[in-house]
Structure formats: structure tokens, C-alpha cells
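Notes to accompany the following structure.
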Amino acid sequence: MKKFIQPIDNKSKESFEISKETFDSELIDSGTYKQKLNVDIQKKIKTKRILSKETFENELIYSGTYKQKLNVVIEKKEIQTQYDELIFDCVLNESTVYDVSYLENPAEWPLTINMKRHIIDRIVMIVPKKIFENVSYPLDEHKRHFSNFHVYQNSCCAHYFISYDIALFMKISYILENAEIEEENEFENIDVCGSVENNRINVDEIISDHGENQGLNVSEVMNENIILDFKDPGTWPEKITNSQRTHIVKMRINYSEKLDLTRSERDGRSINVSWFFKNLVNGNRCRRTWLDYSKSKNALFCVPCKLFLNLTEKNVSKLALDGFINWKKVSERIPEHENSNIHKKNFCTWKMLEMSIGEGKGGIDKELQDSIKLEENHWRLVLKAIIDIIMHLAMEGSAFRGADELVSSIGKSNDSGKFLNLVKLVSNYNEPLRIHLERHKKGGITYFSHEIQNEFLEIIANKVRSTILSQIKSATYYSILFDCTPDISHEEQMSQVIRYVVVNENGCEIVESFLGFIQVFEKTGESITEDILRSLSKDGIDLANCRGQSYDNGANMAGKWKGVQARISAINELARFIPCTAHSLNLVGLHAAKCSPELEKFFGIIQKLFNFFSSSTQRWDMLKKHLKFSLKGYSTTRWSAKYRAVKSLYLQLAQVIHTCNVLKNGNLCEEATVELNNLLKGITNFNFLCMLTIWNKILMAIDKVNVILQKQNISIDVATNHIKGLLKFIEKFREEGIDEALIESKQKATNLSIEPVFPSIRSRKKKKMPGELADDDISTISEESNFKILMKNVCDRISNGLKERFDSIDEAAQDFSFLDGKFLFTLPTIQLKKHAMDFCIKYEKDIDKIEFILELDSFTQHVFQLENKLIDARSDEILSFILKNGLQDAYPNIYTAYQIFLTLPVTSASCERSFSKLKIIKSYLRSTTKQRRLNNLSIISIEHEIAKTINYDDIINEFASKKARKVVF
């Protein structure tokens, strides 16, 4: 199809026969017409000529003019001039020519960006040559941005032939360069029809989105970033674009707000609310919904007339232009305006547009709105699929990117990374995503880049963090948990976890939420305290509501005078410090295992045995053939690892000895043979067998308590009971368990053909010094008795460690012990009141002493009658009962006391669990991950239950509002 509108020279024009078969008009945006003309033109002469302007009417300029579609068939018979050849080289056989040479201002060129790519590629523009003389941008620099870049010129002609892409770019650039800029950097980092940085346009986005956007005019896009307050007509520009008008009308549907007229005074007069109502003859009043007040200009506006303002009309009302401010004349001007024809016309147009937007029927732009909604739905489905993939990878802690991130390589390269590969996989079952991939072209918007990934991760992480912070603030009281560890890039990372009580449908729940990692540069108590206070302040968490703190036993954290806990307590004395009980229990066992060289030798043999088999794949395969489960090594920081190492050897000692004998008879090198003989000698010793049996029993008891203490919902009373139970077990084992373990060891030694006798150790005789007459006393204690003394010493070490290291948690449990069901409903009233008085002295800022005592007296009498099972209930169960039955209003001080008690921390194990995610997310291959992305990935992965509840539509809307992209979501 070829389309010619206006001649480009003064050559004589041949006549053409034009048969007009059909002509119909239909309404399009803003009340203009679209005309469709079917024209059959047959060229009757041999020379090429161009149609005269009189043959056609004006070309469409987005609002208020006409658009013709002319079907022209031209057969090229002969070309006589070079200029004619140039025209046909430009037009080709399937091109369309638009002549805008009569418009010297590029801003007036009738160009839109709502055309498909395949149409744009067949459009050639005829523009005035002199425009290129004043442009400040070289077009040659932008050749790479266009798929068919053409600029044709001729010395004898005052026009240029350029591609549609270049014309569109010239128009946008001209608008930007001639715009009135209020500030120097107004257009920096603003996404206007593409990315504009430093007043330059990213043409890739402009051109690539021609086929992706519907119903947008270039002039509209340029004004798209003007901030509009739909509530205040005074902020609306004089020339409102169609997209802005649609946005305002859409937002004002069913909008109602109480008018604030406190600052409406002018010349001693203020706005009267009665002006917004019209009094009818029958005495009724109707609301003037079209009348609105602008706070910014302190003026009255007519909303429909402001929206559909036509500056060409005569006597434009102040209500439609810059606002009416003469309060003295309001009673005259408002009735005069509302009875005018232009107002009624604009009012009807306003309501029709509302109808088309709100109901999707009856409006003049229904077709346009339907097209926009269809495109909007497509993009929402595409972005939802992308967000789903991002969420999946983030929650698993998986890597996103690969070596090849080109969209064209998806499905072809193995180096595309997990994100792009999942995009390809999901597109097989997701139709919108498949269409998006198919219609993508180089340089176009894909939303697959790592910048977009980071933006979505930031939005999701912020929503998760906001949810957690809102829960913390609604809970009022909280405790802080912090711990540090180095990451793979040797940067010190401090994990921040907050413990609080959440009210839910089941009553209450103790929650420990992760908020992020803080990079620590100094590990002193003062520096870490500053980092903690800065982080709490940034999150808007009030330190005055902190009731507990828990860290490990390091001097910089738990120091009595200069540690973090001391500095926090100096600011808030109610922030009770409780050392991590799991870490304290680990230290108790660790110190007990080092009280004798024989004990260190015992654990050394276990580790060497593991190293011997694990250092060779052949020896490890041989071991697996004889064992049900493999041997374990142990860790100095994780005491439970010692238990697994001892347990695996204790249960499979016979199989391990058999495997060693098989390897001994095999072909081992001399060094391995010597090492194996030493290990075999060590594990077939009766002393080793007895230690293995005793330590298996001790570590089993410690490990059970250790696992319970690491639960995030454990309370102090439960933890204290388990610690006391462990202490009783150790004391009983000291008296009875050692002898029982020796009997069991002798029986097991007999089965393993090991002599059940402790090896005797030759006594060292001390050299007699000159003047000494007596010989050394020879010890009469047997080897078995020495062994018992050693193991009793181990039990004593453990018992003393449990008493010393858990005094702080025991003290906290004593302060709240009267809240336990057994004491609350059985203690005499006098003792109960004494405990309550002592408690109120410590927490006088939180508890009203008189009311608390009265509430306890009533609670023990009346509530016990409602549920007599509360006598055996724990503190968390009693609080859940209060919440389920809505008793917190009747007993607010008791509710507060239980809330504070359950908020107190037990361990900082949640910080340790976050370190496990840290190692997965920031691994060796991802060691350059930035702190911001690390925090976003970590909080999504760790708090994945909250992340799953986020509405994808909210993510998309926030993403669209932040980026302000061309596509309207």
C-alpha cells in the first residue's frame, strides 16, 4: 500500500482517476472522527508523479483532526529522473509514505507509538530539510537503534525522506529539548517513553515497545511523569493529555472526601459549604458533584470543564481555567456556569467517560479502554510468571544468573542460568509468557535483566520486612538476638533476629523473625552496640520496649562492663540479658571433655579414625559395605556433632574393627599400615571401650536437651525445667550410671574378644635426691578406681557448669514462676501477693501494682472455675486461653505480664540458622553478592512463609509506580 498526501515539489501533476467506493466515519478518542476511504488509483501515464494535496483531507493528529486510510495501487512503468528513482528506492513496493514537509515543528508531526512493528517498518516520512540544520543531535549516532534506518536527500529538493523510527525519535527529542524545565536536573533518571538519563533518550525502549503499547500518543507520554493529584484540580496542567484525563476520572469514580475549608479565607470571606449544593424549587437539595475545592490554589474548579478544557472557545470560565477566587460573586457565577451549554456538554462527556471506565460500556472510548485492559491483563500475567520464578529461586536460595544472559540464547545455551532456563520452562505452560518471548526483539523490554530481578527482590523483601515490623510494633514488647560470623568473602556479617509474641486465631505464638544481616567492621562491644542501635532506629523499633537480649558468651557481647549487653542495659535496664542457653550448654560439655589428657586422647582417636577412612575413596567404600550408616566427624562448635560421632562408633564398633582387619590384610602403603595399626590398637583397648559407653550416655542426654533449647517457641520456664532435669540426670549418673556402664562395657568387650581389664600403667619412680632417706610411696589405687575417679570428675565439671552458666535464666524463671499454673492456682494468697509485689517493683513501667494484685485475686477464683485444667498449664497455654476467651480486656496487667515473660529469649539459635542460609546464598560462586541483594534474598528465603502470603498484584502495582514505565499496569 502506498499513501501520498502532499506534493514535495512544484512539478506539474498528472490527474488520477479515483473511485471512492466507501466512506464511513466513527467516533474515536476526544470526539474526533476516523475516516476510512477505499481508493483505487490507476496510473495512466508512464512518468511518476505524486498526488496533489487537494485530493485528500487533513492527516490525523491524535485529537481533533482526521485520519485517512487510502488504498492505492501504483504500478511503476517508467522512471525518467534520478529523483523519481530515489522516491521508489525509499518507498519500495509495500511502503507507506507520510508527507509532513509542511509542518516545520517536529512536535506537530502526527506520530503515535501505538503501531505494530511490521507496520512501522513500511512507513517513510517526508520532512523539511531545514529541520536538520538546527538539530543539536547527530542522527548517525542513533543508526544502531533502528532496524531500517533510512535518510534520503537530494540537492534539488527541499525535503528529506526518513524512516518512521527517526521521525519519532526527532519528535520526542524536540519536545524534550524545548520543554520548560523548572529545575536543572528535572529529566534526570526519569523514564519517559524509554529511559531518559542526563536529558537523553534510550531509543531501544521507544522503538521496541511500538508493538507492546496501545492507545498512547507521543505527546501524552512526554507528560506522563507530571505528578498529578487527582483530588486537587489546582495541580492539573492546562493541557491535560488523554492518559492523564483517564487516570483522573478513574481515580475520582466513587471518590468522596470531607472538604477542608479552614484556610479558604479571601478578603475576609470564606467558602460556604452550601455552595456545593443546589437548592431546588421543591425544597430539596442536590450535590454539585462537578464543583471541587483546590487547597493548593485556594480556588473553586469545575471538574468536567477543567478536564475537557478547550482554549479555542471564547469566554472560558475561571472555574475551568485557573480557578474562581472571588467569593463575593460565587452566588452569581456558579448558577451562571452550571446552566451554560459548554458546562452541560463537558459534564455529559465526563459521565460517559466514567461509564466507559467503570462499567466498560456506553463510552465513546470503549474500544480504547478494552484494548488497554487487554494489554494490561497480558502484562500482568507475564509479570506474575516472572515474579513466581523469582520467588521460587529466592526461597530456595538458588543462584539466578548464568554466563550467557541474552534472551536469544534461552533454550539454546546451557549457560543461561537458572532464571532464564526457568523462564523457558514455564513458557511451555504459560501462554502470555510464551507470546512475550516470541514477540521480543533485540533491544526490547523483557523484564528478564538482573536489574529488574533486583527491583522485584527489593519490593518483595520490603513487603516481608514491613509485615514483620508491623507485627513487632503491634506486639509492643520484644527481645533482640544478635550473632556474628564471617562469610565466604571474609566479611563479618551480624544476624538480626527479633523475638515477640503474635496474637492469632489459635491464641498466641512465640515468633523469632529475621530482619537482615548487618556488615560489621569492628568487633568491639562499643562498635557492635552502635550498629545494633542504628539498625533498630532505622527499622523504627523503640528500644524502650525491649525486654530481653541474648547473645553468645563472647567477651565483646556478654562482657559484664563493656560488653554489648552491658551497654544496652545501661540504656534500658529492663532489657534483661540471658546468654544463649544452647551455646552455654555446648561450652559446659566442651570444658568437661578437656579436663584430662585421656579424654582428649579418646576424642582424638575418634576423629583420626574418621579421617583415615574419609581420606581415601577405596577405604570409604570398604567401610560402607560393612556399616549401616557411616562414621561421623565432630565439631568443636557444635556439641551435637560429638554425640553423632560417638554414637555411630558405639553402635558399630564390631563392624569397624572387622573392616580395619580386612584393610590390614590388604595392600596398604607402609604409612597407612602404621596408622591403621595404631588406630586398631586404640579402639580395641578396654579403657577406650568404657569411655565410649559412658560418653554415649552422657552426650545422649545433653543432645536431647540441646535440641529442645534450640526451638524458637520455647519459653524460659520450659528451658529451665529441662536444664534442671539434665542436672539431676548427671548427678544420678555420677552415683550409679558409671558402674552400670562398666558392667555393660565388660560384657561388650567379651563379645569383641577384648580383655575386660584396664591396662596397667607402670609407676614412675622419682629419683632420690641427696639427703632423702624414704622411697616413693607406691599407689594402692587400682586402674578401675582411677577410671571411676576420672569419669566422676567429668560429671562434676558438667554439674558445676550447669549451675554457673544458667544462673541468669534461672533467676528470670524465678521472677515469673508465680505465673505458672501449678503455682498460680495453688499458692496461698499471701505468698502470691508477695511474688506479685516483687514483680511489680521490677516492671513498674509496665504493670500497675494495685490493679495487678486485684486482677490476680479475681483471676485465680473466677477463671479457674471456667477451666480447671489450667492448673497444669504452662505460661503460653494460659496466655492462649486468655486470648481465645477475650479476657485480656478484663485482665490487662496479667496479659502484659505473660506477654513479657514469653518475650524473654532462651537462645540465639535463630541467628545460627540464618548463617546456614548465608552460606547457601553467598557461596563460593556468588562471593561478590552485594549487601543489599544478600539481605533481600536472605529475608525472602528465611521468612518464606510470610513471602508466600504476598499478593502479586501489589508487587506489580508498586513496581509500576516506582518505574513509571510506558506500559500502564
salt_bridge([X], [Y]) N-O dist < 4.0 Å:
X    : Y    : answer
E958 : K463 : yes
E505 : K884 : no
D487 : K919 : no

Less than 3.5 Å apart, any donor N or O on the side chain of [X] or [Y] sitting next to an acceptor on the other?
X    : Y    : answer
S489 : K922 : yes
Y477 : D846 : yes
Q710 : T907 : no

Test side-chain contact (heavy atoms from CB on, under 4.5 Å) applied to K704 and H722, step by step: CA-CA 9 Å; K704 286 182 179 179; H722 283 288; over 6 Å; no
For [X], is the [atom1] atom crowded, meaning more than 12 foreign heavy atoms sit under 6.0 Å from it?
X    : atom1 : result
K917 : NZ    : yes
E844 : CD    : no
E451 : CD    : yes

Got a donor-acceptor contact below 3.5 angstrom from the [X] side chain to the [Y] backbone?
X    : Y    : value
Q549 : Q565 : yes
Y843 : D848 : no
S908 : C911 : no
T949 : I946 : yes
S537 : R534 : no
T929 : R926 : yes
S479 : G548 : yes
H591 : V588 : no
N957 : D953 : yes
S474 : S470 : yes

Chi angles and distances behind the ring pair (Phe, Tyr, Trp, His ring centres under 6.0 Å) call for Y551, F577: CA-CA 8 Å; Y551 321 112; F577 172 62; 5.8 Å; yes
Do you know which two heavy atoms are closest between [X] and [Y], and how far apart they sit?
X    : Y    : answer
F852 : N893 : CD1-CB, 3.7 Å
G525 : V564 : O-CG2, 3.7 Å
I698 : I730 : CG2-CD1, 4.2 Å
I920 : S923 : O-CB, 3.9 Å

A side-chain contact here means heavy atoms from C-beta on lying under 4.5 Å apart; do [X] and [Y] qualify?
X    : Y    : answer
I568 : L533 : yes
R499 : V511 : no
M395 : K948 : yes
I387 : I460 : yes
D388 : V426 : no
I571 : R567 : no
I716 : I578 : yes
E491 : Q493 : yes

Test log, rule side-chain contact (heavy atoms from CB on, under 4.5 Å), inputs I498 and E512: CA-CA 5 Å; I498 305 295; E512 293 181 356; over 6 Å; no
Residue pair L934, Q931: steps toward the side-chain contact (heavy atoms from CB on, under 4.5 Å) verdict: CA-CA 5 Å; L934 171 64; Q931 191 70 21; 4.2 Å; yes
Audit row: N454, E458, side chain to side chain donor-acceptor pair (under 3.5 Å) steps and yes/no: CA-CA 6 Å; N454 289 337; E458 181 81 13; over 6 Å; no
Pairwise distance CG(D820) to OG(S875) - rounded to 0.5 angstrom: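 So the CG of D820 and the OG of S875 are separated by 5.5 Å.
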Value rounded to 0.5 Å, distance of CD1 in I878 from CG in L883: 12.0 Å
Could you pull out all donor-acceptor pairs under 3.5 Å where a side-chain atom in residues 553-563 meets a protein atom, sequence neighbours excluded?
residue	atom	partner	partner atom	Å
N553	ND2	H583	ND1	2.8
N553	ND2	S584	OG	3.2
N556	ND2	K523	O	2.9

Ring-ring centroid check Y447 F456, cutoff 6.0 Å: no
F816 ring center near Y898 ring center (under 6.0 Å): no
Applying salt bridge (Lys or Arg N to Asp or Glu O under 4.0 Å), can you list everything that pairs with [X], at least two apart in sequence or on another chain?
X    : result
R465 : none
E396 : none
D539 : none

Steps toward side-chain contact (heavy atoms from CB on, under 4.5 Å) verdict (Q712, V497): CA-CA 11 Å; Q712 72 169 17; V497 176; over 6 Å; no
All pairs passing salt bridge (Lys or Arg N to Asp or Glu O under 4.0 Å) where residues 805-817 contributes a residue, at least two apart: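 Listed by first then second residue: R576-D815, K724-D810, D815-K842.
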ring-ring contact (aromatic ring centres under 6.0 Å, His included) contacts in which one or both residues fall within residues 500-540, not counting sequence neighbours: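 Counting only pairs at least two positions apart or across chains, the ring-ring contact (aromatic ring centres under 6.0 Å, His included) contacts touching residues 500-540 are F514-F517.
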